[in-house]
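This report refers to the structure that appears directly beneath it.
Computed from a prediction, not measured in an experiment: that's the story for all the values here.
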Amino acid sequence: MQFRFPRWFTGTADVNEWYDDGNQQYRISVEVDNPIWGLSSGIREAFRPGSWL
């Protein structure tokens, strides 16, 4: 089955991950952009190794 998804429901995610040596933290930044509505959502977080266990 194929269908065309309407453009106003699509988006592009820009995801960046890095390790911050100075603060000894992993960092992530996510921004979701829609070609019609513009920036629709985003988040920036930091966590330390082992903090998710």
Next on the checklist: Please enumerate all residues that pass side-chain contact (heavy atoms from CB on, under 4.5 Å) together with Arg4, with sequence neighbours excluded.
Outcome noted: none
Checklist entry - Checking side-chain contact (heavy atoms from CB on, under 4.5 Å) for the pair Arg44/Arg27: CA distance, chi angles, key distance, verdict? => result CA-CA 7 Å; Arg44 290 189 177 139; Arg27 296 193 181 264; over 6 Å; no
Item to check | Close side-chain approach of Gln25 to Glu45, heavy-atom, < 4.5 Å | outcome: no
Per-pair distances, 0.1 Å, donor-acceptor, side chain in residues 33-41, under 3.5 Å, sequence neighbours excluded:
from: Asp33; atom 1: OD1; to: Leu39; atom 2: N; distance (Å): 3.2
from: Asn34; atom 1: OD1; to: Ile36; atom 2: N; distance (Å): 2.7
from: Asn34; atom 1: OD1; to: Trp37; atom 2: N; distance (Å): 2.8
from: Asn34; atom 1: ND2; to: Trp8; atom 2: O; distance (Å): 2.9
from: Asn34; atom 1: ND2; to: Thr10; atom 2: O; distance (Å): 2.7
from: Ser40; atom 1: OG; to: Val32; atom 2: O; distance (Å): 3.1

Checklist entry - Under the side-chain contact (heavy atoms from CB on, under 4.5 Å) test, which residues partner Asp21, sequence neighbours left out? => result Tyr19
Item to check | Same apolar cluster: Trp18 and Tyr26, side chain cutoff 4.5 Å | outcome: no
Next on the checklist: List the residues meeting side chain to side chain donor-acceptor pair (under 3.5 Å) with Asn23, not counting sequence neighbours, and say none if there are none.
Outcome noted: Asp20
